[in-house]
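Heads up, the thing below is written out as structure tokens.
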Amino acid sequence: QVQLVESGGGLVQPGGSLTLSCAVSGFSVNSVLMNWYRQAPGKQRELVGSIRSYGVTTYADSVKGRFTISRDNAKNMVSLQMSNLKPEDTAVYYCNGFPNYWGQGTQVTVSS
């Protein structure tokens with residue numbers, strides 16, 4: 001049974017940092033394209049970044065240089081490290097295993 005469980009969301013002040021984790025069961029995180037998406041209120045879901053099976057990462061321009069995706073094959077987890085957070089980063093963040101495996105999402109709120 002495939003399951004993706006995100007954790008680590010919360011409230012953080014502008015300029016702060018937060019790390020999200022995605023624990024995966026049912027497939028290996030190093031065998032598929034893994035993505036992080038986010039959806040802000042009233043907006044479409046957008047791709048934040050990806051890590052390919054061979055380890056290459058890519059990011060949306062809006063988060064490049066501030067967010068880092070990593071993978072722990074032993075724990076079968078993917079993480080999203082976020083730094084220098086801005087109010088516009090406020091959204092529900094989702095882990096995705098390409099193409100159709102999704103977590104339930106975790107809320108990130110950036111506010112003073």
Side-chain angles (χ1 to χ4, degrees):
Q1 181 180 358
V2 172
Q3 193 171 20
L4 289 76
V5 179
E6 299 100 335
S7 61
L11 173 65
V12 62
Q13 293 187 341
S17 300
L18 209 57
T19 297
L20 307 183
S21 296
C22 175
V24 175
S25 57
F27 66 91
S28 297
V29 295
N30 61 354
S31 66
V32 303
L33 176 66
M34 295 295 300
N35 304 300
W36 282 97
Y37 284 81
R38 67 185 180 186
Q39 187 165 20
K43 295 189 176 181
Q44 288 190 329
R45 190 171 295 189
E46 65 170 344
L47 178 63
V48 174
S50 305
I51 182 166
R52 284 154 175 77
S53 58
Y54 47 90
V56 171
T57 54
T58 54
Y59 302 93
D61 287 343
S62 59
V63 306
K64 203 171 292 183
R66 301 188 299 120
F67 290 12
T68 301
I69 295 174
S70 61
R71 187 176 67 199
D72 186 327
N73 295 335
K75 295 183 179 179
N76 212 35
M77 294 180 64
V78 177
S79 296
L80 178 66
Q81 296 172 271
M82 305 182 292
S83 61
N84 191 21
L85 283 160
K86 305 175 181 180
E88 51 264 41
D89 295 318
T90 295
V92 178
Y93 283 72
Y94 297 90
C95 179
N96 164 255
F98 185 83
N100 291 320
Y101 301 131
W102 292 90
Q104 81 288 352
T106 186
Q107 176 71 47
V108 172
T109 303
V110 184
S111 175
S112 55

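The basis for the numbers below is simple: all heavy atoms, side chains too, and nothing from hydrogens, waters or symmetry mates.
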Solution key, residues 7-21 side-chain donor-acceptor pairs under 3.5 Å, sequence neighbours excluded:
none

| Evaluation steps, side-chain contact (heavy atoms from CB on, under 4.5 Å), between M34 and T57 | CA-CA 10 Å; M34 295 295 300; T57 54; over 6 Å; no

| task | Could you list who else is in W102's hydrophobic cluster, with ILVMFWY side chains joined at under 4.5 Å, directly or through other members? | result | Y37, L47, V92, Y94

| Step by step, would you call D89 with R38 a side-chain contact (heavy atoms from CB on, under 4.5 Å)? | CA-CA 9 Å; D89 295 318; R38 67 185 180 186; 2.9 Å; yes

For residues 69-86, which side-chain N or O atoms pair as donor and acceptor with protein atoms under 3.5 Å away, sequence neighbours left out?
residue : atom : partner : partner atom : Å
R71     : NE   : N73     : OD1          : 3.0
R71     : NH1  : R52     : O            : 2.8
R71     : NH1  : S53     : O            : 3.4
R71     : NH2  : S53     : O            : 3.2
D72     : OD1  : A74     : N            : 3.1
D72     : OD1  : K75     : N            : 3.0
N76     : OD1  : V29     : N            : 2.9
N76     : ND2  : V24     : O            : 2.9
N76     : ND2  : F27     : O            : 2.8
S83     : OG   : R66     : O            : 2.9

| request: Please step through side-chain contact (heavy atoms from CB on, under 4.5 Å) for the pair T90 and Q107, ending with a clear verdict. | output: CA-CA 8 Å; T90 295; Q107 176 71 47; 4.0 Å; yes

| message | Please report the interatomic distance CG(L33) to CD1(I51), rounded to the nearest 0.5 Å. | response | 9.5 Å

| task | Verify the neighbour count for atom NZ of K43: are there more than 12 heavy atoms of other residues, nucleotides or ligands below 6.0 Å? | result | no

| Side chains of Y54 and N30 in contact at under 4.5 Å (non-hydrogen atoms) | no

| remark: One should read off an interatomic distance between S62 OG and E88 CD, to the nearest 0.5 angstrom, of 9.0 Å

| Are more than 12 heavy atoms from other residues, nucleotides or ligands located less than 6.0 Å from atom OH of Y101? | no

| message | side-chain contact (heavy atoms from CB on, under 4.5 Å) for F67 and V48? Distances and angles first, verdict last. | response | CA-CA 9 Å; F67 290 12; V48 174; 3.6 Å; yes

| Can you name the nearest heavy-atom pair linking F98 to V32, along with the distance? | O-CB, 4.1 Å

| remark: Minimal heavy-atom distance between V5 and Q104, with the atoms involved, is CA-OE1, 3.7 Å

| Are the side chain of E6 and the backbone of C95 linked by a donor-acceptor contact shorter than 3.5 Å? | yes

